[in-house]
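Here's the structure we're looking at; comments come further down.
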Amino acid sequence: MTTALLVAALLMGFFGSPHCLGMCGGLVTAFGLSMKDVSPAKRRALVATYHFGRLTSYAFLGLVAGLIGTAVLQPLMQGNSTPRILLGLVLVFVGVTMLGAPFLNKLERFGMRFWQYLSPIRQKVFPLNTFPRALSAGLLWGFLPCGLVYGALLIAVVAHNPLSGAALMFVFGLGTVPMLVATHETVGWLRDKIGRFRLRQLNGAVMVLSGLAVVFVPIAMSSMHGDHGGGHSMNMQHGEHTMMMNDTGNTTDHDMSQMDHSMHNMNDDSADMEHHH
């Protein structure tokens with residue numbers, strides 16, 4: 001788990017939080033109405049408690065996602081680049097989703113069936129006037145169907161590490177907290193700034209580019225390194241060829257020297273024969 005991936009999860013939660021507010025706004029309002037008879041100090045503590053419960057559920061889901069990634073994907077990832085490629089593709093997919101592609105809408109509708117199944121249990125936590133009830137409400141809230149949550153879970157799966165998946169989902173949940181605990185005026189200001197500067201779309205574009213970089217930059221670097229290796233091999237071959245030529249030249253010079261020496265001996269022998277004659 002890299003720091004960059006945790007930062008990406010945090011920003012994904014923060015810039016996607018207007019979507020979270022649309023999904024969770026009614027639930028937050030219901031929680032607030034159920035705490036109208038408690039003191040302001042206790043109310044703040046109860047709010048912190050149910051958000052802690054929600055983040056705990058996210059961490060649990062991230063843990064399960066990491067276990068799935070370990071069990072299913074790990075055997076396919078021994079000694080190859082599959083983990084990096086999968087991570088890059090998931091980042092691209094989540095980034096495109098943040099740009100507005102409705103890829104996870106069907107998954108949200110499927111999750112809504114499970115959320116409706118929890119309805120009888122949800123009714124028992126109201127009113128949220130005690131800490132156990134607030135914690136229970138937060139734990140249940142973590143299972144509210146949300147495409148943004150499902151996208152973060154996909155990243156947790158390809159992290160193929162249970163603890164990394166849990167940490168990633170917890171940090172993602174932290175990114176959504178400011179929007180969900182802000183006052184009405186602050187919520188309006190945050191939504192206006194995020195919408196005006198298209199920060200969600202900007203973050204989605206950054207995730208897409210990051211995913212593409214994760215997939216293709218190492219491939220390009222490997223290709224460049226391969227070319228360098230080829231050039232180095234050619235230089236070695238050229239060096240070997242030069243050494244062979246030098247060896248051949250030295251052998252030729254040595255042979256010529258021996259021939260000159262032989263010719264000199266023959267001349268000496270001829271002179272001796274003339275002298276005796």
Side-chain angles (χ1 to χ4, degrees), residues 1-25 58 61-62 64-66 68-69 72-73 76-77 80-112 115 142-161 164-180 190-221:
M1 173 63 67
T2 63
T3 302
L5 203 56
L6 291 174
V7 171
L10 181 70
L11 295 178
M12 179 181 174
F14 180 74
F15 292 129
S17 55
H19 172 78
C20 292
L21 188 64
M23 294 289 293
C24 305
Y58 286 169
L61 292 173
V64 173
I68 293 174
V72 177
L73 301 178
L76 307 175
M77 297 180 175
N80 55 49
S81 58
T82 303
R84 172 179 56 79
I85 294 174
L86 278 178
L87 177 60
L89 292 177
V90 168
L91 288 174
V92 171
F93 177 82
V94 175
V96 171
T97 301
M98 293 192 70
L99 288 171
F103 293 147
L104 297 173
N105 289 354
K106 291 184 178 180
L107 195 57
E108 281 188 1
R109 290 194 291 269
F110 177 79
M112 188 60 69
W115 182 249
F143 293 95
L144 179 69
C146 174
L148 199 64
V149 173
Y150 298 152
L153 283 173
L154 285 176
I155 301 176
V157 169
V158 296
H160 61 275
N161 183 301
S164 296
L168 189 146
M169 289 302 298
F170 189 87
V171 170
F172 164 79
L174 283 177
T176 66
V177 168
M179 180 70 75
L180 297 174
L190 283 173
R191 293 185 68 174
D192 177 67
K193 295 302 180 184
I194 292 175
R196 177 181 300 180
F197 295 104
R198 298 185 177 275
L199 296 179
R200 171 174 172 155
Q201 289 81 0
L202 177 62
N203 188 57
V206 169
M207 292 188 73
V208 170
L209 293 175
S210 299
L212 293 174
V214 167
V215 173
F216 292 110
V217 168
I219 295 175
M221 294 295 293

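Not measured: the values here are computed from a predicted model. In this chain, numbering begins with 1 at the start of the sequence shown.
V215 approaches R84 most closely through the heavy-atom pair O-NH1, 2.7 Å. Taking both residues in full, the closest heavy atoms of C24 and L180 are given as CB-CD2, 4.3 Å, listed atom of the first, atom of the second, then distance. Nearest heavy atoms, G173 versus T176: O-OG1, 2.7 Å. The two residues L6 and V171 come nearest to each other via the heavy atoms O-CG1, 3.4 Å. When all heavy atoms of M179 and P18 are compared, the pair lying nearest together is CE-CG, 3.8 Å. Shortest non-hydrogen contact noted between A156 and M169 is CB-CG, 4.3 Å.
The line from CE of M12 to CG of L91 is 9.5 Å long, rounded to the nearest 0.5 Å. Going from atom CD1 of I194 over to atom CG of L202 covers 11.5 Å, rounded to the nearest 0.5 Å. Here CG of L87 is found 6.0 Å from CG of L5. Values are rounded to the nearest 0.5 Å. Rounded to the nearest 0.5 angstrom, L153 CG and F172 CZ are separated by 8.0 Å. In this structure, CZ on F93 lies 13.5 Å from CG on L86, to the nearest 0.5 angstrom. Note that CH2 of W115 and SG of C146 are 11.5 Å apart. Values are rounded to the nearest 0.5 Å.
Looking at Y150 and P145, their side chains come closer than 4.5 Å, going by heavy atoms from C-beta outward. A 4.5 Å side-chain heavy-atom check between F14 and N203 finds every atom pair outside the cut-off.
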>> Run M207 and I155 through side-chain contact (heavy atoms from CB on, under 4.5 Å) and show every step you take.
In response: CA-CA 11 Å; M207 292 188 73; I155 301 176; 4.0 Å; yes
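The environment of NZ in K106 is sparse: at most 12 heavy-atom neighbours from other residues, nucleotides or ligands sit within 6.0 Å.
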